[in-house]
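These notes are about the structure you will find just below.
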Protein chains: 2
Amino acid sequence: MFKYYYKVIYMNNVPEMEILFELADLFKVFGDSTRLRIMYTLFDDEHSVGEIAQALNMEQSTISHQLRVLRTNKLVKIRRDGKQIYYSLDDDHVKKVIEMGLDHVLE
Amino acid sequence: MFKYYYKVIYMNNVPEMEILFELADLFKVFGDSTRLRIMYTLFDDEHSVGEIAQALNMEQSTISHQLRVLRTNKLVKIRRDGKQIYYSLDDDHVKKVIEMGLDHVLE
DNA sequence: TTAACATATGAACGATTATTCATATGTTCA
DNA sequence: TGAACATATGAATAATCGTTCATATGTTAA
């Protein structure tokens with residue numbers, strides 16, 4: 001029983017703790033429906049800001065703000081083409097995290 | 001929270017959309033460092049509320065409040081033994097979601 | 001029963017954050 | 001050039017949420 005205490009205390013003092021804070025920040029990004037819908041929109045293909053805004057029927061600035069959050073967290077990347085900026089998922093982790101979450105939600 | 005569900009029904013008819021809102025709610029739960037640390041503490045074994053509070057050096061009521069959130073979202077389950085209540089991870093999805101997130105955080 | 005302990009809960013406070021509005025920046029083409 | 005369009009950004013507002021404090025509920029043992 002005291003063994004447990006020791007183990008827990010030990011576990012939570014190591015550098016892994018700092019990583020858990022980073023991890024929380026990452027999940028925070030996934031924890032917003034607008035951002036999730038944006039990412040879901042980008043599942044199949046890249047899309048411009050305007051296209052996403054129209055698809056989700058939301059303000060352009062709202063989408064832009066949230067895309068910035070996604071980009072800051074390296075979840076999406078951009079490609080400029082003339083006046084438009086096309087966003088796409090940055091890597092496959094994004095899909096995998098979402099799919100893993102879906103497993104839980106879909107019971 | 002209810003506002004969002006309203007929007008789903010009212011604005012759009014894509015069935016997957018409602019699931020995305022549920023998914024956002026799930027990720028919200030993972031998006032807090034205290035809850036993540038609690039879950040991480042339960043990775044190896046069950047622990048009582050007091051043990052967790054001591055391990056994380058946080059108020060008992062804080063842990064209790066957060067355990068309720070985790071339990072409401074079916075991420076942890078309980079076992080009563082006398083005065084103590086022992087919490088443990090509810091299923092393997094929890095571990096998998098966290099590990100998948102770690103993959104991204106650890107570059 | 002009562003005392004002691006373990007956990008849960010409600011209210012209040014502070015901090016964070018998503019959205020909107022207005023405007024700025026940046027790009028193309030006449 | 002400058003007009004038109006696409007995107008980004010800053011400030012303000014409103015809503016959400018984590019923590020704390022005080023207290024309630026529940027359990028055990030005397």
Side-chain angles (χ1 to χ4, degrees), chain A residues 1 4-5 20-39 41-42 46-73 75-88, chain B residues 1-8 11 20-39 41-42 46-73 75-88:
Chain A
M1 187 67 74
Y4 292 153
Y5 274 86
L20 286 184
F21 282 98
E22 286 180 45
L23 190 56
D25 285 339
L26 177 69
F27 282 129
K28 241 173 247 164
V29 181
F30 284 87
D32 175 73
S33 59
T34 298
R35 287 191 292 265
L36 218 44
R37 291 175 72 202
I38 291 174
M39 287 188 275
T41 301
L42 301 178
E46 63 174 14
H47 288 287
S48 71
V49 180
E51 286 172 346
I52 299 170
Q54 187 175 349
L56 304 189
N57 193 30
M58 298 185 79
E59 296 281 334
Q60 174 267 324
S61 74
T62 301
I63 302 301
S64 186
H65 277 299
Q66 298 303 349
L67 281 170
R68 197 159 78 88
V69 174
L70 291 173
R71 193 155 169 250
T72 300
N73 286 272
L75 299 178
V76 300
K77 58 181 191 296
I78 67 172
R79 177 180 72 85
R80 171 149 235 152
D81 181 21
K83 276 180 284 189
Q84 0 252 348
I85 295 181
Y86 288 93
Y87 283 80
S88 57
Chain B
M1 180 98 69
F2 275 102
K3 186 180 72 182
Y4 290 132
Y5 282 95
Y6 240 61
K7 270 189 185 170
V8 173
M11 280 181 23
L20 285 185
F21 285 97
E22 286 180 46
L23 190 56
D25 284 339
L26 176 69
F27 282 128
K28 240 172 249 165
V29 180
F30 284 87
D32 175 72
S33 59
T34 298
R35 287 190 292 265
L36 267 186
R37 292 174 73 202
I38 291 175
M39 287 188 275
T41 300
L42 301 179
E46 64 175 14
H47 288 287
S48 71
V49 180
E51 286 173 346
I52 299 170
Q54 185 177 347
L56 304 189
N57 193 30
M58 298 184 80
E59 296 279 335
Q60 174 267 326
S61 73
T62 301
I63 302 301
S64 187
H65 275 300
Q66 298 303 352
L67 280 170
R68 196 160 79 88
V69 174
L70 291 173
R71 192 156 171 247
T72 300
N73 286 273
L75 299 179
V76 300
K77 58 182 192 295
I78 67 173
R79 177 180 71 84
R80 170 150 236 151
D81 181 23
K83 276 179 284 189
Q84 359 253 350
I85 295 181
Y86 287 93
Y87 283 79
S88 58

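Note on naming: letters A, B, ... go to the chains in the order of the sequence lines (proteins, then strands), and numbering restarts at 1 for each one.
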Kindly indicate whether the side chain of [X], heavy atoms from C-beta on, has any atom under 4.5 Å from the side chain of [Y].
X      : Y      : result
L67(B) : I63(B) : yes
F21(B) : R37(A) : yes
L26(A) : L75(A) : yes
M58(A) : T34(A) : yes

Report the nucleotide, chosen from [options], that has the shortest atom-to-atom distance to any side-chain atom of [X].
X      : options                   : value
S64(B) : dT9(C), dT7(D), dT19(D)   : dT9(C)
T62(B) : dT20(D), dT9(D), dT7(C)   : dT20(D)
D32(A) : dT9(D), dC17(D), dA18(C)  : dA18(C)
K28(A) : dT19(D), dT17(C), dC21(D) : dT17(C)

* R79(B), CZ: over 12 other non-hydrogen atoms inside 6.0 angstrom ->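 It does: R79(B) CZ has more than 12 such atoms within range.
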
* To do: May I have the step-by-step check of side-chain contact (heavy atoms from CB on, under 4.5 Å) for D81(B) and Y86(B), ending in yes or no?
  => CA-CA 7 Å; D81(B) 181 23; Y86(B) 287 93; 3.8 Å; yes

* For L67(B) and for R35(A), locate the closest nucleotide of DNA chain C by heavy-atom distance; then report the residue assigned to the nucleotide nearer the 5' terminus. =>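 Mapping each residue to its closest nucleotide by heavy atoms, the 5'-most match is L67(B).
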
With respect to the phosphate group of [N], does any side-chain polar atom (N or O) of [X] fall under 4.0 Å of OP1 or OP2?
X      : N       : answer
Q66(A) : dT19(C) : yes
S48(A) : dA6(D)  : no
R68(A) : dA8(D)  : no
Y87(A) : dA6(D)  : no

Whole angstrom is fine here: how far is it from [atom1] in [X] over to [atom2] in [N]?
X      : N       : atom1 : atom2 : value
Q54(B) : dA6(C)  : CD    : C1'   : 14 Å
R71(B) : dT7(C)  : CZ    : C1'   : 12 Å
Q84(B) : dA4(C)  : CD    : P     : 18 Å
I38(A) : dA8(D)  : CD1   : P     : 11 Å
E46(B) : dT7(C)  : CD    : P     : 12 Å
L56(A) : dT19(C) : CG    : P     : 10 Å
E59(A) : dT19(C) : CD    : P     : 11 Å
I78(A) : dA6(D)  : CD1   : P     : 17 Å

* Asked: For F30(A), what residues pass the ring-ring contact (aromatic ring centres under 6.0 Å, His included) criterion, not counting sequence neighbours?
  ->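 F30(A): ring-ring contact (aromatic ring centres under 6.0 Å, His included) contacts with F27(B).
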
* **H65(A) (side chain) and dT7(D) (base): donor-acceptor pair under 3.5 Å** =>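 No, the side chain and the base share no sub-3.5 Å donor-acceptor pair.
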
* To do: Decide side-chain contact (heavy atoms from CB on, under 4.5 Å) for K28(B) and D25(B); before the verdict, give the C-alpha distance in whole Å, the side-chain angles of both, and the deciding distance to 0.1 Å.
  => CA-CA 5 Å; K28(B) 240 172 249 165; D25(B) 284 339; 3.2 Å; yes

* Could you run down nucleotides 22-30 of chain D 5' to 3' and tag each one B, S or - for protein heavy-atom contact under 4.0 Å? -> B---SBS--

